[in-house]
There are 2 protein chains.
Amino acid sequence: MAFDAIETPFGKTDRIVGGSATYVAYAAGNFVKPIQQVSIIGYDFPQEELNELKRRGVQLEGVETVPDKKSFFWSGKYHLDMNSRDTLVTDLNVLADFNPVLPDSYQGAEFLMLGNLDPIIQIKVIQQLKKRPKLIVMDTMNFWMDIMMKELKDVLKLVDVLMVNDSEARQLSGEFSLVKAAKKIMAMGPKYLIIKKGEHGALLFHGNEVFFAPALPLEEVFDPTGAGDTFAGGFIGHLAKTKDISFNNMKTAIIVGSAMASYCVEKFGPDRLKEINKADIDARIQQFVELVNFDIQLV
Amino acid sequence: MAFDAIETPFGKTDRIVGGSATYVAYAAGNFVKPIQQVSIIGYDFPQEELNELKRRGVQLEGVETVPDKKSFFWSGKYHLDMNSRDTLVTDLNVLADFNPVLPDSYQGAEFLMLGNLDPIIQIKVIQQLKKRPKLIVMDTMNFWMDIMMKELKDVLKLVDVLMVNDSEARQLSGEFSLVKAAKKIMAMGPKYLIIKKGEHGALLFHGNEVFFAPALPLEEVFDPTGAGDTFAGGFIGHLAKTKDISFNNMKTAIIVGSAMASYCVEKFGPDRLKEINKADIDARIQQFVELVNFDIQLV
């Protein structure tokens, strides 16, 4: 949970609320309650945002507030293609001392989403859960591959689903072909691999099976910040709601995640996620059905 | 119909048979007969290739043979991502004088595929058909946008379906968003627009409707030369076979084209296309069904 300042070809924000866990919570809250949040914030994180999250069924007992420090802050500028961005500022602030302590009330959680963070912190959360969750999903990024590959690989052995983008899958595996990359990565631990390709959709690998979900072609991607986290929130939210972790249901979960992400990018920060309701989500899922549906005609 | 010499990260060929019309014919011949070919070749084009095409129902009356010149020759080298390539040699040879003359026996053709070529040559073929075909599909490339945009736009007014890749759609429209680009391009003439995105699949636009077809995730793309032409051949071949040019059937045609293209890239040149049969094509189409199929579950 953090602050971002974002510049895109379409506009610019001052410091607004962001952070991986914020997006995941706003997305997943549409499908399952409670969401048991683990994070760290500073004195400057707005109370009204915490209230809004609580109102949506997000428990904040696991969110530590540091009274004399600021929240994590990131500032970046997107290029026209929205797939690449420059980081302008990274102020760790409270994140420098993050040592997550799981409240007793969180014990027994069946679905665990590990946001993109230091692998040592990710592993600490897993280790504190006395009963292994039914499903552990993990996000990460190239930054951790650059500086903590060993620790990252330790976490990989403990998770069920890994989410990375295409260039990260290539970096992690040393393979250019995503099919070959997927095989190598699944051999590192996760039985399921999701490769996110931004505007080009996402691939889900499991054993020898593969599923492809497109991204919705949008007139404008206003701000892609948080789209990956929102996707993750929709994905695990759907699985937690249905309690079905079959490959078949994961396919549906990826479509749900893609639908959520397609809303996220329409406005700055999590603003759009706060506006939409179940009917909006259903309408967007229906658009995905129409986008890929075709009649089979064999030769 | 031409010769190519190709270098990819996986291997290298000497001069092999290639050319847009060759790939289109090999692909479309699986679905409909006769294919009435219009092209120009030199004295060096191999007779056995012409025999093979004839055997597959390709009529060659419209293929001019110039006895004292060589066939068009292109040589290129692909980079690791296979989406970008360097042209090493372009020898126009016979293509410099190409002035297509349609045989009388070609009159009444219902489906016309205009391969990527000088727009003035494309327009000459359209004008020679006394009865307008039921469907005219056109391929083109950035090269013609750079040097003959006016003539290119003249052809656009006469065709039903345009096929371009994503960067060409952006260049032609001046819009970065593919959704906005599609609207502008359809206003130039074609009622249908196919945007090819290589390994990221293809989009079909028509009015306010959009359809997305993925590319099959492959372990190895051995040689992408001709993949776009093979896609075009499968697309128009399916439409010509079914004689149904509805948006719905075009969706199926795009899957058929994608299946054909996924075979094309497995070997150098059109080699793989000569090996496959109807059962292979059906099996590949079935893989596409499995790749995108998911259960709808509304929130």
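Order of the sequence lines fixes the chain letters, A, B, ..., with proteins taken first and strands second; residue numbering starts at 1 for each chain.
Contacts between residues 168-177 of chain A and chain B, defined by a heavy-atom separation under 4.5 Å, are made by A/R170, A/F176, A/S177. Inspection of non-hydrogen atoms places A/K197, A/E199, A/H200 of residues 186-201 of chain A under 4.5 Å from chain B. Contacts between residues 219-226 of chain A and chain B, counted as heavy-atom pairs separated by less than 4.5 Å, involve A/E219, A/E220.
In the displayed structure, B/K243 atom NZ is contacted under 6.0 Å by at most 12 heavy atoms of other residues, nucleotides or ligands. Within a 6.0 Å sphere centred on CG of B/N208, other residues, nucleotides and ligands contribute 12 heavy atoms or fewer. For A/K77, the NZ atom counts as loosely surrounded, since its 6.0 Å shell holds 12 or fewer non-hydrogen atoms of other residues, nucleotides or ligands. Within 6.0 Å of atom NZ in A/K134, more than 12 heavy atoms from other residues, nucleotides or ligands are found, so the atom counts as buried in its surroundings.
Identified under the salt bridge (Lys or Arg N to Asp or Glu O under 4.0 Å) test for residues 247-265 of chain A, with sequence neighbours left out: none.
In this structure, the portion of B/L203 lying under 4.5 Å from any heavy atom of chain A is its side chain and not its backbone. Interface remark: A/L204 contributes no atoms to any contact with chain B (heavy atom separation under 4.5 Å). Both the backbone and the side chain of A/L291 come within contact range of chain B, with heavy atoms under 4.5 Å apart.
Contact count against chain A (heavy-atom pairs under 4.5 Å) is highest for B/I255 among B/I255, B/N248, B/V289, B/L178. Between chain B and the residues A/I254, A/V292, A/L216, the largest count of heavy-atom pairs under 4.5 Å involves A/V292.
Between A/F211 and B/F294, the ring planes are perpendicular. Angles over 60° get that label, and only those under 30° would be called parallel.
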